[in-house]
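We name chains A, B, ... by the order of the sequence lines, and we start the count at 1 in each one. What you see is a predicted model; the values in this text were computed from it and never measured.
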Number of protein chains: 2
Amino acid sequence: MELRTLRYFVAVAEELHFGRAATRLHMSQPPLSRAIKQLEADVGALLFARSPAGVTLTPVGTVLLDEARALLDHADRVRVRVSAAAGAATITVGILGDGTDPGVSRLAAAYRRNHPGIDIHIRDTDLTDPTCGLRAGLVDVALTRAPFDETALTVRTLRTDPVGVVLRADDPLARRDRLRLAELSDRRWFQFPQDTDPSWQSYWNGGTPREGPVVRAVQECLQAVLWNGTVGLAPLGHDLPAELAVVPLTDMVPSRVVAVWNEGDTNPLIRSFIEIATAAYRR
Amino acid sequence: MELRTLRYFVAVAEELHFGRAATRLHMSQPPLSRAIKQLEADVGALLFARSPAGVTLTPVGTVLLDEARALLDHADRVRVRVSAAAGAATITVGILGDGTDPGVSRLAAAYRRNHPGIDIHIRDTDLTDPTCGLRAGLVDVALTRAPFDETALTVRTLRTDPVGVVLRADDPLARRDRLRLAELSDRRWFQFPQDTDPSWQSYWNGGTPREGPVVRAVQECLQAVLWNGTVGLAPLGHDLPAELAVVPLTDMVPSRVVAVWNEGDTNPLIRSFIEIATAAYRR
DNA sequence: AGCGCCGATACGCCGTAGGTATCGTTGCAG
DNA sequence: CTGCAACGATACCTACGGCGTATCGGCGCT
């Protein structure tokens, strides 16, 4: 009789419908049916009367529903009390550009739900530091993009995005539905400042050093495309102003959204953040 | 934060020693260490201060210890209340011979611990019915030995025992450390009564029909060996009177201790019994 | 009588819990 | 000061179980 199983049971008992309960639990119906059956074997009594007309709670099920709700509430209170005992703590999260992802806010919400007393400081950095201040000790964990120098860091991939090229909408190549890097070799490209991580710089240049304006932030990038006619690479799936177009690149290794933290960091809050991030990006 | 994890935590907190706690939990130390680490990530705080001098609870750990104990107690009470609501029920268990196994009493104890309100009726049967009255509708579940006619029954193997031959201690063959069936072909063997399950009868005759006295119970078997000089097969590992010896047989397929119930039986008490039996025999 | 709804079953995959072996640190003894 | 023993952490592997997809089966409704 684990808490997870009881949460399943409460969902079914409230919906009185396995399919809907499964949807609510973000799972499919068969494993839910099985879990309930196992719970019935565990407590030694039928909890639901299944009939084609519908699902009903048995008397024992009614009792368990009350008990399970109380127990789950109790468990929630345990979490709160332990968090309170842990006291006010802070973690600082570095984020690349102006929000690598729409998922970041979801993640922050999920984390705050798990650890209500913990302050989350977000440190938004420009594109010149792929570790978002982690190396400099300014943040505890970074949500960013690979690749970069990983020595003394631990990296977990959260998602991979195909990469496209950003062009002016009136660029002749902008109408193409896909492109290869070679077709852009005569263009001007972005540069990051001199001291930027080399593999990071190299990645966004498509593997070969390029000439072009120095940029530091996403907006600078886009402006450079608009005004200087340079090209730039960007992961697909972001909104762009109408004057810009993005064309998928077929021969570019996809961009990885990653979480990074210091190798050997034992802070449970950081570990927890990583786990929640992994789960949040899984769907 | 599942109940299982909290039980681990309480064990470590009480022992203040990972190795001893693991022993108490019937597991090994590494997965316990890992589980605690995951719990720490889950609640977002270190629970133990590990130092070579020993393990100590952190302040947060102290709080969680109280809370976890309370929650686990609550969970136990939930079980009790649900069992009470299920009311008095009875399951009847058929057992072969005079207790197939020393594990049976352990099993009954474990079952009673899980389902305090449930009466367990034990029906002890002789060797002539391998289903122990299940076919006749006299019991809900049987702890017995395979093989037998399994139509409309579901069988789960709990354990397998090598089989030996039972001989008088003064029998010339009794000194051998192992035997083959062929070396016993000129002997008299047991018979079960006419209407006994054929594959059951055949199994205990080593696959070929034999001549010999009809027996119904284990004691009759042993007496027949003593007084008639017949041979009989028996799973190894049982105590025998000093006048009898058992010699392992090399070419006999091992005997399986099984739990059997009616195919499609949906009674959760029976399902529960099966699960508890499986777990009880696992170690 | 046929179709549709819905829970149960079958089956394959993968994540994770648990096992064994080993390491790293630290305190202690010779 | 240099093994050595104790003990938790880590690495790696295996196996079981939880979840998904596909499908079945039973009852109700038109």
Original post:
Hey, mind stepping through B:E263 and B:L153 against side-chain contact (heavy atoms from CB on, under 4.5 Å) and telling me if it holds?
Top reply: CA-CA 5 Å; B:E263 195 174 274; B:L153 301 179; 5.8 Å; no

**OP:** For the pair B:R79 (side chain) and A:D42 (backbone), establish whether a donor and an acceptor sit closer than 3.5 Å, ignoring hydrogens and angles.
**Re:**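 Yes.
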
Original post:
After noting the C-alpha distance and the side-chain angles of A:E275 and A:R156, does the key distance pass the salt bridge (Lys or Arg N to Asp or Glu O under 4.0 Å) rule?
Top reply: CA-CA 10 Å; A:E275 295 312 315; A:R156 179 176 299 186; 3.5 Å; yes

**OP:** Just call it for B:R4: base, sugar-phosphate, or nothing, with non-hydrogen atoms closer than 4.0 Å on any strand.
**Re:**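 If one applies the 4.0 Å heavy-atom cut-off, B:R4 turns out to touch the sugar-phosphate alone, with no base involved.
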
Original post:
Separation of A:E2 atom CD from C:dT16 atom C1', in whole Å?
Top reply: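 After rounding, the gap between these two atoms is 14 Å.
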
Subject >> Nucleotide nearest A:V55 (side chain, heavy atoms from C-beta), chosen from D:dC7, C:dG7, D:dC19 >> reply: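 Nearest nucleotide to the side chain: C:dG7.
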
Original post:
What string of B, S and - do you get for nucleotides 23-30 of chain D 5' to 3' if you count protein non-hydrogen atoms under 4.0 Å?
Top reply: ----S---

Original post:
Axis-to-axis angle across the helix from C:dA1-D:dT30 to C:dG30-D:dC1, five pairs an end, to 10 degrees?
Top reply: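 Comparing the axis at each end, I get an angle of 10°.
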
Original post:
Does one side chain, of B:T157 or B:R256, offer a donor that lies under 3.5 Å from an acceptor on the other?
Top reply: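 On atom types as modelled, these side chains qualify, holding a pair under 3.5 Å.
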
Original post:
Does C:dG18 have OP1 or OP2 sitting under 4.0 Å from an N or O in the side chain of B:S28?
Top reply: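 Checking C:dG18 against B:S28, no side-chain N or O comes under 4.0 Å of OP1 or OP2.
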
Original post:
Of the residues in residues 31-50 of chain A, which ones touch DNA chain C at a heavy-atom distance under 4.0 Å?
Top reply: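 Going residue by residue through residues 31-50 of chain A, the ones with a heavy atom under 4.0 Å of DNA chain C turn out to be A:S33, A:K37, A:R50.
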
Original post:
Relative to the ring of A:H74, is the ring of B:H74 parallel (under 30°), tilted (30 to 60°) or perpendicular (over 60°)?
Top reply: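 It falls in the tilted class, 30° to 60°.
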
